[in-house]
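Throughout, protein chains are lettered first and strands after them, A, B, ... in sequence-line order, and every chain is numbered starting at 1.
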Protein chains: 2
Amino acid sequence: MKSSQVTIHDIARELKISASTVSRALSDNPRISLSTRKKVKELAVKLNYQPNIVASNLRTGRSKTIGVIVPHINRNFFSNVIGGIEETASNAGYRTIITQTCEKYEKEVDNVKALINARVDGILVSISGETHNLDHFNLVKQNKIPLLFFDRVADEIEANKVMVDDFKGAYKAVSHLINEGFRKIVHFAGPPHINVYKNRMLGYLEALNDNKIQQIDGYIFHDCLTEDKGWRSCENMMKYKNKPDAIFSASDISALGAIGYLKASGYDIPGDCAVVGFSNEPFTKIMEPGLTSIDQNSLEIGREVAALFLDEVHSAEKNDYKHIVIEPELIIRSSSLKKGV
Amino acid sequence: MKSSQVTIHDIARELKISASTVSRALSDNPRISLSTRKKVKELAVKLNYQPNIVASNLRTGRSKTIGVIVPHINRNFFSNVIGGIEETASNAGYRTIITQTCEKYEKEVDNVKALINARVDGILVSISGETHNLDHFNLVKQNKIPLLFFDRVADEIEANKVMVDDFKGAYKAVSHLINEGFRKIVHFAGPPHINVYKNRMLGYLEALNDNKIQQIDGYIFHDCLTEDKGWRSCENMMKYKNKPDAIFSASDISALGAIGYLKASGYDIPGDCAVVGFSNEPFTKIMEPGLTSIDQNSLEIGREVAALFLDEVHSAEKNDYKHIVIEPELIIRSSSLKKGV
DNA sequence: ATTATTTGTGCAATCGATTGTACAAAGGTA
DNA sequence: TACCTTTGTACAATCGATTGCACAAATAAT
């Protein structure tokens, strides 16, 4: 019962050749004769030799591993992105280490350091909600490790980035509401220091503006991302003298809260108030009414950012940083469709 | 702009001491004087020294990394389990590498080999649906790498395991339906070679049996896990002469399909047909009617299996393998509540 | 003052794969 | 026969941290 770890030295000893010859034979180095290569490979299979990646990494300085940092692993959006990253990375022979920050700045710093220690070949980040200070990312650059951002990107740091055109997504959503005849449209916004939420708000404002709709005081509810806040914001706004007729929420979750309130209070959706969310969470097509939302093409984001990383690593010359913008898609469901129209 | 990689040799050179002293100082070896330790640590901080984990791993033979293999990373159940694993593992100083099989046997074998190559300190697996041959897991054991299973476990392999009491979950679900007055209960089953689905079916049968309810031919729909299959199985069964009055599905997804069909065909839920699912997916509480389901406590599964791994690694003596069974919880919603009762 | 003990460091080997260079053997040319 | 290529391997250093052992200096014991 031969066990544990077979090394090139074991193979070398058995064939009475040197370890370096074994190493070269296994990597098909043309300087090794075909007959030797064949013998080595056969014995390697027979002994079930598995190269020690750790040793190889130490020698070559590469780890064939990329580190990913996301706010939450168990959010549908992020796990899809990770799926896309993992798919593209593993096809190129890279492993993926996943870490999550739980939106905490401290954990983000820890994770960055842990990944640097692990000597990953690249770090792919979607920034935590709490993060304002970006020094830890400069640490990555100082260590000459490729750093890429996706979705929640740092404007202040030069890097390859993949982001969703949140502005356009929001613009599409609000334009759709306007086309359906809604005019008094409220916005549930996220924290404005996170680029994606800022852009969703700007898209909302632009759509209103382009359609010559006056922006109304109190029609933007800030930091409204949870189900609970969605519920209460909706409750609030329905008491306005100037009662809104539609909601564009930066989050499906708070849209869900709003719909909860509307239904509990006997309002008709979209008759009394239309609702559009953002992210196209799986539940949006299941709930009643189906929630119109913006699909961010999350799998594609993962694939793109991984591909961008591979580019950055493999292209000899230092190209300029690229910013890939993924086009989001409006998914129309009954929560925003004027009946009979 | 000092950059890239600071090593213990850099510190040693600067302090005119040897690298081994630096190494010992950093690990607080009592044989190094306090003053030297202090000097070394201060310089390490100043130079922003990060130990090269790869080198350390090579020398010590440990990688402080665990590998996880799941069928799909973007399933709510699995991403929660992974969250639990990651939380417990990282608290103990371990990193986590995530891989997914997409239910493919081939990918499972590949992933196992990749993790062995990476010299992970342990492998945590939930088996792919396609897997019948278990040889690749013996490879793990031959390499003396701790191997643990969670949720979808291999009965034939001795190992630490964390599973859900699927039998009891199903039993609870069906008993609940019976208590509510339903008697003609159909079961949407999964592939019977996967232990979790087999046990759900057995729990279903036992609950019927304990309540002296005769099992009826054609009341079990095999391999019915997708929304589409749920829809069509439901369509089928509603044509039976002996029409069922309830469904216990081994999956929330196929339960969703069934509810889709029932609503589309104007049936009342649960008046004409009650439905209970399994997994307590997030959408179950949002849909209408809310879907009664079984919560598997997925975060806890992840924590337990990671804790079991830590036990296995740190306990000097080889204890017997443990099988931890997580108690699932019945979450009752309106899809199974006889009205007015 | 001499030997034994403690304390603090350094040396060198090690983990396993990789790779520049040296070198022997085989074949070819004049 | 003498010399030059070509071909196939081996040697040894290297990546950076760890660790058994040796050993010098400082202190204590006799």
Side-chain angles (χ1 to χ4, degrees), chain A residues 3-41 43-44 47-65 93 116-121 143-145, chain B residues 3-41 43-44 47-65 93 116-121 143-145:
Chain A
S3 77
S4 255
Q5 310 299 27
V6 180
T7 73
I8 53 173
H9 296 96
D10 299 322
I11 297 179
R13 196 178 319 113
E14 192 136 341
L15 294 175
K16 299 192 198 311
I17 59 178
S18 78
S20 52
T21 301
V22 174
S23 172
R24 290 193 169 98
L26 288 171
S27 57
D28 264 327
N29 187 311
R31 300 188 42 182
I32 304 297
S33 67
L34 283 172
S35 65
T36 304
R37 286 192 229 168
K38 185 151 171 282
K39 273 189 294 183
V40 169
K41 286 183 189 166
L43 186 58
L47 297 182
N48 193 23
Y49 166 76
Q50 301 287 342
N52 186 324
I53 305 255
V54 177
S56 173
N57 291 345
L58 176 59
R59 179 60 223 243
T60 62
R62 281 171 287 110
S63 65
K64 281 286 186 177
T65 301
I116 293 176
N117 282 16
R119 298 297 193 273
V120 294
D121 291 346
N143 279 278
K144 303 203 190 309
I145 297 175
Chain B
S3 77
S4 253
Q5 309 300 28
V6 179
T7 72
I8 53 173
H9 296 96
D10 298 322
I11 296 178
R13 197 177 320 114
E14 193 136 340
L15 293 176
K16 299 194 197 313
I17 57 178
S18 77
S20 50
T21 301
V22 174
S23 172
R24 290 190 171 100
L26 288 171
S27 57
D28 263 327
N29 186 313
R31 301 190 42 182
I32 304 298
S33 69
L34 283 172
S35 66
T36 303
R37 286 191 228 170
K38 183 149 172 286
K39 273 189 294 183
V40 169
K41 287 182 189 168
L43 186 56
L47 297 182
N48 194 23
Y49 166 77
Q50 301 287 340
N52 186 325
I53 304 256
V54 176
S56 172
N57 291 346
L58 176 60
R59 179 60 223 245
T60 61
R62 279 171 288 109
S63 65
K64 280 288 189 175
T65 301
I116 293 176
N117 282 16
R119 299 296 193 273
V120 294
D121 291 345
N143 279 279
K144 304 204 189 308
I145 298 175

Quiz item: How would you label the contact of A:I53 with the nucleic acid (heavy atoms, under 4.0 Å): base, sugar-phosphate, or nothing?
Solution: nothing
Exercise. Indicate, yes or no, whether a donor-acceptor pair under 3.5 Å links the base of D:dC11 to the side chain of A:S18.
Key: no
Quiz item: Does B:I11 reach the side chain of B:L47, with side-chain heavy atoms less than 4.5 Å apart?
Solution: yes
Quiz prompt | Given D:dT14, C:dC15, D:dA17, the nucleotide with the shortest approach to the side chain of B:L58 | solution = C:dC15
Quiz item: Looking only at side-chain N and O atoms, does A:T60 come under 4.0 Å of OP1 or OP2 in C:dT18?
Solution: no
Exercise. Would you indicate, yes or no, if D:dT7 has its OP1 or OP2 atom less than 4.0 angstrom from a side-chain nitrogen or oxygen of A:S33?
Key: no
Self-check item: B:I8, nearest nucleotide to its side chain (from C:dT9, D:dA17, C:dG16)
Solution: D:dA17
Quiz item: Can you find a donor-acceptor N/O pair under 3.5 angstrom joining the side chain of B:R24 to the base of C:dG8?
Solution: no
Quiz item: Does OP1 or OP2 of C:dT19 have a side-chain N or O of A:S20 closer than 4.0 Å?
Solution: no
Quiz prompt | Contact under 4.0 Å: B:T36 side-chain N or O vs C:dT9 OP1/OP2 | solution = yes
Exercise. May I ask you to test the B:R37-B:P30 pair for a side-chain heavy-atom distance under 4.5 Å?
Key: yes
Self-check item: Nearest-neighbour nucleotide for the A:R59 side chain, D:dT18, C:dT9, C:dA17 considered
Solution: C:dA17
Quiz prompt | Closest nucleotide among C:dG16, D:dT9, D:dG16 to the B:A55 side chain | solution = D:dG16
Exercise. Tell me whether the OP1 or OP2 atom of D:dA17 has a side-chain N or O from B:Y49 closer than 4.0 Å.
Key: yes
Self-check item: Among D:dA12, D:dT19, D:dT9, the nucleotide that comes nearest once only the side chain of A:R31 is considered
Solution: D:dT9
Exercise. Look at all strands and tell whether A:T7 reaches a base, only sugar-phosphate, or nothing, counting heavy atoms closer than 4.0 Å.
Key: sugar-phosphate
Quiz prompt | Pairwise 5' ranking along DNA chain C for B:T21 and A:S27, keeping only the more 5' one | solution = B:T21
Exercise. Return the value, rounded to whole Å, for the distance between atom CG of B:N57 and atom P of D:dG16.
Key: 14 Å
Exercise. May I ask you to test the A:V22-A:E14 pair for a side-chain heavy-atom distance under 4.5 Å?
Key: no
Self-check item: Validation row: A:R24, A:T36 side chains within 4.5 angstrom (heavy atoms)
Solution: no
Quiz item: For B:S23, which contact category applies under a 4.0 Å heavy-atom criterion: base, sugar-phosphate, or nothing?
Solution: base
Quiz item: Quick one: B:L26 CG to D:dT19 P, roughly how many Å, whole number?
Solution: 13 Å
Exercise. Side-chain contact test, heavy atoms from C-beta onward, threshold under 4.5 Å: evaluate it for B:L43 versus B:Y49 and give yes or no.
Key: no
Self-check item: Nearest-angstrom distance from the residue atom CZ of A:R13 to C1' of D:dA10
Solution: 16 Å
